[in-house]
2 protein chains.
Amino acid sequence: MISKKTKYAINALVYLARHHKEHEPIQISRIAESEHIPRKFLEAILLDMKNAGILSSRKGKTGGYYLHKTPDEINIAEVMRLFDGPIALLPCVTHNYYERCEECKDEATCGIRSVFADVRNETVNMLKNATLQAIMDRSEAMQKALEK
Amino acid sequence: MISKKTKYAINALVYLARHHKEHEPIQISRIAESEHIPRKFLEAILLDMKNAGILSSRKGKTGGYYLHKTPDEINIAEVMRLFDGPIALLPCVTHNYYERCEECKDEATCGIRSVFADVRNETVNMLKNATLQAIMDRSEAMQKALEK
DNA sequence: TACATATCCCATCGGATTAATAGGAATTAA
DNA sequence: TTAATTCCTATTAATCCGATGGGATATGTA
């Protein structure tokens with residue numbers, strides 16, 4: 001399961017992508033209200049995403065947050081890694097956080113490892129393709145399909 | 001990431017599958033030593049798997065654990081669910097533990113949900129196919145490939 | 001300049017979960 | 001009867017998660 005932090009982050013990002021107007025900052029409290037996220041909690045989340053280069057912000061009156069990249073350049077894999085760490089289910093199949101299994105006798109021929117490596121690759125692929133743009137497109141397509 | 005409990009469980013299962021001789025129980029301590037799992041911890045893990053119908057046991061002297069099903073009937077999805085709960089990354093895309101997202105406005109057209117539903121389906125598929133037999137086969141295939 | 005309103009930053013908190021251990025009851029073969 | 005094993009309950013230390021509080025800092029506007 002992903003953490004609430006990650007879920008909130010994704011919801012906030014999609015909100016920002018939907019209301020995206022050329023560097024027009026949107027305030028934390030507006031996002032918090034609309035997406036039903038605890039105000040103070042969201043504050044920390046957005047700040048983290050700013051420091052990670054996903055968002056930009058303006059301080060002071062009329063301040064707020066906006067996307068630092070375009071909606072098709074921000075994907076869920078990036079967000080999940082930021083808040084929940086590695087996407088892989090085993091440390092021995094992560095790329096960025098690799099750690100050997102203490103109990104492992106031979107990594108090169110470990111059947112368990114090879115299963116979880118496949119799962120990781122497939123998952124990362126799907127989550128990388130899941131950009132904010134892709135999410136909005138999907139949502140729209142589903143709406144149209146229902147209207148018929 | 002899967003818990004150590006799940007990882008230990010899988011390692012123990014593969015060990016049992018490899019040393020599988022028609023209802024011949026293998027002792028906890030033997031598995032613990034060979035797989036480098038804390039003895040007492042493994043005790044609880046094997047007991048859980050017995051209560052879940054994956055293992056059988058014999059008590060008393062010459063007692064121990066053995067597979068209750070054949071190696072191709074036991075898969076990783078089942079083990080993960082037992083110890084770590086749902087495989088899905090969001091509660092709104094699980095089959096057995098479904099829970100609505102509080103903040104969700106319309107589940108039927110939620111783009112986020114549809115992404116995580118895809119991931120769930122793909123992952124469950126792969127993990128269901130990852131039986132103890134399949135793991136042993138993979139391992140053997142990799143060994144042969146290296147010997148060349 | 002003063003003020004209102006934002007983000008930024010740090011510290012803390014209760015509760016849940018995880019990994020592991022301890023101690024002893026129940027069972028069974030020899 | 002005894003030795004060896006699984007079974008069962010309780011406890012622990014450490015860590016993480018979700019959330020909150022208070023105040024420092026920046027900035028547009030009257």
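What you see is a predicted model, and the numbers here were worked out from it, not measured in a lab. Within every chain, numbering begins at 1; the chains are lettered A, B, ... in the order of the sequence lines, protein sequences first and strands thereafter.
One interatomic measurement links the two molecules: CG of B:Leu42 to P of D:dT5, which rounds to 14 Å at whole-angstrom precision. Spacing between atom CD of B:Glu43 and atom P of D:dA10 amounts to 16 Å, rounded to whole angstrom units. Spacing between atom CE of B:Met1 and atom P of D:dC16 amounts to 13 Å, rounded to whole angstrom units. One atom, CG of A:Leu47, and another, P of C:dA11, lie 15 Å apart when rounded to the nearest Å. At whole-Å resolution of the value, CD in A:Gln27 and P in C:dA4 are 17 Å apart. A straight line from CG of B:Leu55 to P of D:dT6 spans 12 Å, rounded to a whole angstrom. One atom, NZ of A:Lys7, and another, P of D:dC17, lie 17 Å apart when rounded to the nearest Å. Here D:dG18 presents its P atom at 9 Å from CD1 of A:Ile45, a figure rounded to the nearest Å.
Heavy atoms of B:Tyr8 sit under 4.0 angstrom from primed sugar atoms or phosphate atoms, though from no base atom. Nucleic acid contact for A:Leu46: none, since no nucleic acid atom lies under 4.0 Å from a heavy atom of the residue.
Of the two residues near DNA chain D, A:Ile2 and B:Arg58, the one whose nearest nucleotide lies more 5' is B:Arg58. Taking the nucleotide of DNA chain C with the nearest heavy atom to each of A:Lys59 and B:Lys5, the more 5' of the two is matched to A:Lys59.
Contact of the A:Ile76 side chain with the A:Thr6 side chain is not registered, since no non-hydrogen atoms from C-beta on lie closer than 4.5 Å.
Judged by distance alone, the side chain of A:Ser34 and the main-chain N or O of A:Arg30 form no donor-acceptor pair under 3.5 Å. With B:Thr109 contributing its side chain and A:Ser139 its backbone, the two residues share no donor-acceptor pair below 3.5 Å.
When each of D:dG28, C:dT21, D:dG21 is scored by its nearest atom to the side-chain atoms of B:Pro38, the top-ranked nucleotide is C:dT21. Closest contact between the side chain of A:Ile28 and the listed nucleotides C:dA19, C:dT7, D:dG18 involves C:dT7. In this structure, of D:dT27, C:dA29, D:dC8, it is C:dA29 that holds the atom nearest to the side chain of B:Lys61. For B:Phe41, the listed nucleotide lying nearest its side chain is C:dT21; candidates were C:dT5, C:dA29, C:dT21. Here the side chain of B:Arg39 is nearest to one of C:dG24, C:dA29, D:dT6, namely D:dT6. The side chain of A:Lys40 approaches D:dT20 more closely than any other nucleotide in the set C:dT27, C:dT7, D:dT20. In the set D:dG18, D:dT6, C:dA20, C:dA20 carries the atom at the smallest distance from any side-chain atom of B:Lys4.
Residue A:Glu73 places its CD atom among more than 12 non-hydrogen atoms of other residues, nucleotides or ligands, all under 6.0 Å distant.
Across A:Val93 and A:Arg120, no two heavy atoms sit closer than the pair O-CD, 2.7 Å.
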